[in-house]
Protein chains: 4
Amino acid sequence: VRIPPGTSRGGSTHSPARIEALTDGVFAIAMTLLAFRLAVPDDLAGTTLPRALLDEAPEFVALVVSFVILGVYWFGHRSQFTFIVHSNRTLSWLNILFLLAISVIPFSADVLGRFHETQTAIVAYGVNLIAASLAHFGTWRYATHGNRLVEEDLDPEIVKLGVRLSLIPIAFYLVAIAISPLSTIASIVIFAAVPLLYVFPLVYRLHPGRRKRQAGTEGEEPEEWE
Amino acid sequence: VRIPPGTSRGGSTHSPARIEALTDGVFAIAMTLLAFRLAVPDDLAGTTLPRALLDEAPEFVALVVSFVILGVYWFGHRSQFTFIVHSNRTLSWLNILFLLAISVIPFSADVLGRFHETQTAIVAYGVNLIAASLAHFGTWRYATHGNRLVEEDLDPEIVKLGVRLSLIPIAFYLVAIAISPLSTIASIVIFAAVPLLYVFPLVYRLHPGRRKRQAGTEGEEPEEWE
Amino acid sequence: VRIPPGTSRGGSTHSPARIEALTDGVFAIAMTLLAFRLAVPDDLAGTTLPRALLDEAPEFVALVVSFVILGVYWFGHRSQFTFIVHSNRTLSWLNILFLLAISVIPFSADVLGRFHETQTAIVAYGVNLIAASLAHFGTWRYATHGNRLVEEDLDPEIVKLGVRLSLIPIAFYLVAIAISPLSTIASIVIFAAVPLLYVFPLVYRLHPGRRKRQAGTEGEEPEEWE
Amino acid sequence: VRIPPGTSRGGSTHSPARIEALTDGVFAIAMTLLAFRLAVPDDLAGTTLPRALLDEAPEFVALVVSFVILGVYWFGHRSQFTFIVHSNRTLSWLNILFLLAISVIPFSADVLGRFHETQTAIVAYGVNLIAASLAHFGTWRYATHGNRLVEEDLDPEIVKLGVRLSLIPIAFYLVAIAISPLSTIASIVIFAAVPLLYVFPLVYRLHPGRRKRQAGTEGEEPEEWE
């Protein structure tokens with residue numbers, strides 16, 4: 001059904017505002033549930049509290065790594081939706097797929113924390129992150145293809161940068177899975193390292209157009225993009 | 001008490017903004033709790049991690065199906081509230097009833113995942129979804145009756161479409177319950193199939209007015225409605 | 001420190017927008033956690049699924065009653081903040097106290113559901129609700145005293161109505177506690193009946209000014225107030 | 001990549017709106033999960049419900065103290081973001097670090113409640129709060145340094161006040177940790193006392209510039225700052 005323009009509230013029919021609200025909610029909950037999964041020791045028979053807490057160190061590492069990874073995805077979503085100014089059914093469903101992958105991360109992180117020496121835990125965690133990255137990429141690809149849901153004059157460099165930034169982690173996650181038979185610790189180090197590329201914008205170095213551009217600017221702060 | 005217009009903030013007395021905020025919150029939590037209910041195996045005595053995770057496959061299927069079903073309800077709510085521009089007590093309470101049904105879905109999904117071969121689990125899940133759909137329908141019916149809470153010139157075709165889209169799933173859920181004595185797997189397949197009608201807008205084919213209209217448009221993208 | 005006007009964002013220094021956002025979040029979570037506390041039977045040794053679910057009927061009743069009670073408080077908060085247009089430290093802290101009481105309701109509801117024949121469970125639940133109502137009343141009282149945080153020309157009738165609506169439930173909850181030695185079921189019936197006074201606006205009949213006013217209106221829909 | 005101004009939505013590229021939304025979500029969940037960690041006694045073999053609930057008194061004290069502490073951080077965040085009007089990558093990540101510390105508080109509070117006589121529980125709780133305060137301070141420091149992300153004409157007194165208000169609790173938490181070998185109860189009293197300095201704005205007395213200023217004002221209500 002063609003909805004006649006003007007029947008809906010203040011031109012906001014296609015606003016992605018509620019997609020953003022739902023997404024912020026899912027991220028806030030997934031982030032907070034990571035720590036909620038930490039088990040408080042019930043009794044200390046045969047152990048002490050410091051030792052019981054130290055025994056949870058792998059779970060705590062998995063928590064911190066996963067929290068920062070969730071932060072990267074959240075920041076990436078926010079960056080995408082700085083440019084995505086319209087929404088439609090397909091975008092909503094790509095976003096819901098993305099949230100499905102995000103909502104499973106606390107579970108995968110818990111498995112990783114408890115069975116960090118098991119290859120299966122690495123594979124499960126990596127597959128979960130790859131699913132999130134693919135949905136993240138798909139959202140951007142769909143929204144920017146033919147400038148479908150973004151401003152008409154969006155700089156093509158930004159489109160390309162968004163594609164790269166969403167696909168680069170997948171390569172790392174595949175490597176982490178590939179080396180897991182050799183060392184699951186090495187895999188976890190890779191999982192932990194990927195977000196650092198984004199927190200400290202090292203990942204921009206991987207962008208060929210960047211150097212040229214930087215030469216032309218006067219050392220200004222990097223802009224609001226993952 | 002008649003509240004004199006103008007005493008309230010910027011004409012927003014009747015704005016449904018906080019209904020939308022509460023709803024997005026409940027959906028975000030229900031969606032994220034689906035995966036939180038997945039149990040991480042505590043120890044692997046007599047089994048392996050891959051086998052322990054595979055044993056949870058039915059729970060995982062229930063999670064994915066329920067996540068997508070929640071997505072359909074969320075998208076439907078968002079579509080309704082594109083057109084509902086006022087709110088009042090009755091609308092709020094219909095919406096709270098809707099959220100009550102939504103908030104129980106993670107529980108019903110967990111029961112379904114663990115006891116998928118049991119007819120009771122199918123009935124409980126189906127009844128939960130039917131309750132959500134009835135509240136969803138009631139919200140739309142109440143808001144659009146006499147254009148009570150929508151724009152005065154809202155296209156009657158949209159009103160009718162909204163009614164159908166909220167009632168169609170009930171028929172499927174009743175069939176799923178009816179065939180559960182024969183095969184609970186068949187029931188689950190139906191539960192899983194209903195959202196696909198909405199994700200891919202096949203359900204629009206069920207709308208008689210659609211064909212005629214489509215003939216008149218030039219292949220434009222379908223509009224923002226469930 | 002006197003903050004010079006104009007240094008802050010768009011005159012929103014005193015906007016209660018974030019109080020509303022935090023409140024909607026706490027309500028959304030408390031509502032969704034009610035159902036999350038329902039235990040899915042782990043195994044069915046010596047019982048069947050229908051029987052196991054029926055055994056949870058008291059918990060389910062406690063869930064529905066508590067969900068609707070949370071709905072009343074949420075609707076009441078929303079009504080209050082239709083008129084509260086400024087915020088300050090004291091309002092924020094009264095609201096945080098209110099949220100503390102709200103956040104404990106899922107716990108009290110769980111105790112009530114499991115030990116509904118125990119007087120202690122009734123008292124705990126009642127005290128929790130009274131605490132919420134007192135904070136709800138305190139918020140309104142503080143905000144409206146001398147029109148401190150509301151529009152200057154707010155109708156005094158609305159102020160009085162808000163006071164009554166927040167205090168009336170306390171009387172019922174005290175009765176529910178008082179009769180709990182005789183019958184805990186009677187207490188629960190009272191807990192369940194109070195929200196109905198608000199869902200169906202029967203509680204307005206308790207407002208002396210109402211009748212007179214109603215005579216003067218032409219059957220218009222009741223306005224946006226709890 | 002320099003994002004050309006105007007390609008993004010309505011000048012909101014740098015708006016911290018979504019940082020605020022994510023933060024309100026994490027606080028709402030952390031606050032509500034505090035009470036969710038309270039265990040409902042499963043059966044009352046060898047005890048009574050009043051006694052079982054009384055046995056949870058330390059957990060309940062930890063809940064109330066932690067809820068109010070979360071309230072202080074939330075109010076502090078809100079106060080900071082009254083003045084922070086732009087955002088960038090670094091601010092986002094400082095905020096995510098802050099949220100990481102906040103999300104762990106329900107866990108630390110649970111440990112504190114169950115092992116309140118154990119020095120380790122005090123240290124864990126104190127370290128968690130110090131981490132939150134450092135991130136809180138870092139956010140303010142980064143945003144206000146050279147008026148990086150605040151209004152250009154922001155009163156330097158406000159910048160200084162914000163620094164002090166975020167650092168003062170750290171001194172108290174260090175004292176609480178230091179005296180924990182002598183008395184863990186004394187440590188908990190200090191944890192409980194710190195928020196009172198903020199709820200009742202006693203902490204302002206610690207601000208040297210305040211007295212002078214107060215002399216110059218006519219008893220106006222203190223402004224919107226932690």
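Proteins get letters first, then strands, A, B, ... in listed order; numbering begins at 1 in each. Nothing here was measured: the structure is a model prediction, and the numbers come from that model. The figures that follow rest on heavy atoms only: side chains count, while hydrogens, waters and symmetry mates do not.
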If I take atom CZ from residue D:Phe36 and atom CZ from residue A:Phe36, how far apart are they, to the nearest 0.5 angstrom? 5.5 Å
Would you check if D:Val26 and A:Phe27 make a side-chain contact, meaning some heavy-atom pair closer than 4.5 Å? no
What I'd like to find out is whether the side chain of A:Pro41 reaches to under 4.5 Å of the side chain of D:Phe115, using heavy atoms alone. yes
To the nearest 0.5 Å, how far apart are CZ in D:Arg89 and CZ in A:Phe200? 11.0 Å
Could you tell me whether the side chain of A:Val68 reaches within less than 4.5 Å of the side chain of D:Ile96, counting heavy atoms only? no
Which one, D:Ser108, D:Ala121, D:Pro106, D:Ser103, leads in non-hydrogen pairs under 4.5 Å with chain A? D:Ser103
Beyond-backbone contact of A:Arg78 with D:Leu22, side-chain heavy atoms, under 4.5 angstrom: no
Looking only at heavy atoms, what is the nearest atom pair of D:Gly25 and A:Ala28, with distance? C-CB, 3.6 Å
Need one label for A:Leu53: side chain, backbone, both or neither, based on atoms under 4.5 Å from any heavy atom in chain D. side chain
Under 4.5 Å from any heavy atom of chain D, what part of A:Ala21 do you find: side chain, backbone, both or neither? neither
For the pair D:Leu33 and A:Leu33, evaluate side chain to side chain contact (heavy atoms under 4.5 Å, CB included) and give the outcome as yes or no after the intermediate values. CA-CA 9 Å; D:Leu33 288 182; A:Leu33 288 182; 4.2 Å; yes
Any idea which heavy atoms bring D:Trp93 and A:Val72 closest together, and the distance? CH2-N, 3.4 Å
For a 4.5 angstrom cut-off between non-hydrogen side-chain atoms, does A:Leu49 reach D:Val111? yes
Mind checking the CZ-CZ spacing from A:Arg37 to D:Phe107? Nearest 0.5 Å is all I need. 14.5 Å
Which bit of A:Leu34 comes within less than 4.5 Å of chain D, counting heavy atoms only: side chain, backbone, both or neither? neither
4.5 Å side-chain heavy-atom contact, D:Ile19 and A:Phe75: no
Counting only heavy atoms closer than 4.5 Å, note whether D:Arg114 contacts chain A via side chain, backbone, both or neither. side chain
Out of D:Val104, D:Thr23, D:Thr120, which one racks up the most heavy-atom pairs below 4.5 Å with chain A? D:Thr120
Nearest-0.5 Å distance, CD1 of residue D:Ile105 to OG1 of residue A:Thr32: 11.0 Å
How far apart are the closest heavy atoms of D:Leu99 and A:Phe67, and which atoms are they? C-CZ, 3.6 Å
Let me confirm one number: the CD-CG distance from D:Glu20 to A:Asp24, rounded to the nearest 0.5 Å. 11.0 Å
